There are 2 protein chains.
Amino acid sequence: MLHDPPSKPERSFEIVARRIAAMIQASYRIGQRLPAERDLAKTFGVSRPTVREAILSLAMAGMLKVRSNSGVYVISRQEAPDVHKLEGFGPFENLEARQLIEPQIAAIAAQRGTEATFAQLAEALAMMRWEHAQGREADTSDHRFHVVLAEATGNGALVSICDSLWRAQTESGIWQEIHNHMRMEDYRPMWLRDHEAIFAAVQARNPRKASSAMTRHLNNIRDALMVASKAKSMAATKLPKNSPRKIR
Amino acid sequence: MLHDPPSKPERSFEIVARRIAAMIQASYRIGQRLPAERDLAKTFGVSRPTVREAILSLAMAGMLKVRSNSGVYVISRQEAPDVHKLEGFGPFENLEARQLIEPQIAAIAAQRGTEATFAQLAEALAMMRWEHAQGREADTSDHRFHVVLAEATGNGALVSICDSLWRAQTESGIWQEIHNHMRMEDYRPMWLRDHEAIFAAVQARNPRKASSAMTRHLNNIRDALMVASKAKSMAATKLPKNSPRKIR
DNA sequence: AAAGCCAAGCTGGTCAGACCAATTTGGACT
DNA sequence: AGTCCAAATTGGTCTGACCAGCTTGGCTTT
């Protein structure tokens with residue numbers, strides 16, 4: 001009851017999309033037509049609108065092609081960015097990998113970044129401030145900031161890795177648990193300052209500063225994570241239940 | 001703009017999506033909430049499912065963020081340029097990522113490696129020599145060598161990344177093509193020397209030497225790749241006749 | 001018998017209305 | 001003034017229906 005599903009309220013079309021993707025990878029060839037929407041709906045036990053949303057998402061991911069009044073066809077057997085499946089590692093392992101890679105990404109971004117890059121980074125920062133002002137976690141903007149930085153390298157492999165690591169970290173149950181046991185408000189100014197420093201260094205086209213700013217940021221995350229991890233284990237031993245929940 | 005007026009039955013959600021995007025760029029700020037789906041449907045004179053599909057497409061494009069039971073929020077004023085439709089990246093992008101990561105993996109392996117690590121690396125090297133003696137490509141042993149090195153870091157995330165990058169590289173069609181256009185025999189002694197140097201540095205627990213040995217190795221791969229890539233493109237343009245075509 | 005033609009049926013595209021669950025909000029109560 | 005609860009709001013999903021273009025199979029015509 002306490003620990004059953006703090007789970008992800010996943011939209012059902014996402015589940016259906018994954019099942020369709022799996023079905024295709026298992027037994028469909030390129031160019032082949034999928035069953036009709038109505039049949040898929042019956043197969044998966046959902047309504048047609050849900051199936052339509054799943055198909056649309058896969059079409060946008062470049063996996064399917066919808067031809068009106070004809071059918072849905074497979075145009076690629078691999079779903080876009082699931083190249084790296086990083087699951088089952090602790091947040092500390094994940095963080096170490098980020099510490100290895102992201103400072104260098106920041107350095108390259110400082111060299112190769114364009115005005116468009118800076119604009120997108122500034123956008124992410126603006127959104128982060130807004131989310132913080134709302135008293136909300138800035139997960140979306142944080143994700144976007146790091147991915148945009150990776151995109152600035154022009155290297156799709158690095159984008160994919162950075163994206164995977166970020167997702168794996170925030171989706172880890174431990175990470176979520178920890179967020180419940182610490183006052184994130186105390187850290188938000190630091191997160192914001194970290195990102196602003198990275199942005200400034202990148203925009204100034206200073207690779208070394210960008211790299212060290214990113215290193216500092218990730219070190220701060222690691223420190224916070226260690227504090228929280230310790231607090232959590234202590235709380236687990238001393239507080240059986242009824243710990244004051246933060247609003248999420 | 002869209003020079004296809006006659007027979008382009010555009011799906012209505014695409015029209016709605018464009019209108020929403022225009023609306024946002026005209027008068028919305030980041031973080032701001034959009035009107036409710038029902039209101040948008042009324043505004044644009046379409047049904048709610050159509051609005052939902054439009055919102056979903058913009059969400060997948062990284063422009064909007066949907067929060068259940070709360071609303072739809074602007075996270076970027078511009079549509080993210082084909083982030084999700086990476087058609088797979090070239091071998092050079094892949095190699096650059098490896099150049100960023102693997103030297104550091106080697107350095108960490110030199111610090112944390114155990115006797116078991118050294119034994120497995122030596123095994124991989126022995127296999128490599130044997131495969132070369134057989135006149136075969138040493139892909140299996142090469143793969144194993146790099147993965148074992150990553151495993152020596154004790155970080156599962158790094159193992160996964162290293163493994164993914166290696167697979168993506170060798171599985172890329174371009175990589176395979178190139179192998180057909182160059183005499184790999186000429187390079188094998190170099191590959192072997194490279195790996196032996198890495199192994200020696202790791203076993204000597206010298207992180208700096210391990211890192212630079214790995215860098216040298218990857219630089220050699222890059223050079224060979226460039227030579228082969230050039231040779232291939234020249235062969236394609238200048239030698240229509242008598243080029244040893246592979247049967248496809 | 002072969003060629004062409006047309007209607008019935010699939011299939012995606014869209015619409016309308018309804019209910020649910022989670023979030024938000026505002027007022028009532030303490 | 002602070003707390004707490006219930007109603008309103010909002011996205012999530014379902015049902016069932018109708019439309020328009022493509023497909024197919026049978027039928028007519030040559």
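Protein chains get the first letters and strands the later ones, always in sequence-line order, with residue 1 at the start of each. Since the model is a prediction, treat every value here as computed from it, not as a measurement.
Under a cut-off of 6.0 angstrom, the local environment of CZ in A:Arg205 is crowded, with over 12 non-hydrogen atoms contributed by other residues, nucleotides or ligands.
Atom CD1 in A:Ile55 sits about 12 Å away from atom C1' in C:dG13, given to the nearest Å. One interatomic measurement links the two molecules: CG of A:Leu34 to C1' of C:dC10, which rounds to 16 Å at whole-angstrom precision.
Taking only side-chain nitrogens and oxygens, A:Ser12 comes nearer than 4.0 Å to OP1 or OP2 of D:dT13. Here A:Ser68 does not reach the OP1 or OP2 of C:dT11: none of its side-chain N or O atoms lies under 4.0 Å away. A sub-4.0 Å separation between OP1 or OP2 of D:dG12 and a side-chain N or O of B:Arg52 is present. Between A:Thr50 and D:dC14 there is a side-chain N or O to OP1 or OP2 distance below 4.0 Å. Between C:dT24 and B:Arg67, a contact under 4.0 Å exists linking OP1 or OP2 to a side-chain N or O.
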Could you pull out the protein-nucleic contacts involving nucleotides 15-20 of chain D (nitrogen or oxygen on both sides, under 3.5 Å)?
| from | atom 1 | to | atom 2 | distance (Å) |
| --- | --- | --- | --- | --- |
| D:dA17 | N6 | A:Arg48 | NH2 | 3.3 |

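A salt bridge does not link A:Arg222 with A:Glu93: none of the charged nitrogens is closer than 4.0 Å to a carboxylate oxygen. Ion pairing of A:Glu196 with A:Arg129 is present here, as a side-chain N (NZ or NE/NH1/NH2) and a carboxylate O approach within less than 4.0 Å.
Closest heavy-atom contact between B:Phe44 and B:Ile20: CE1-CG1, 3.7 Å.
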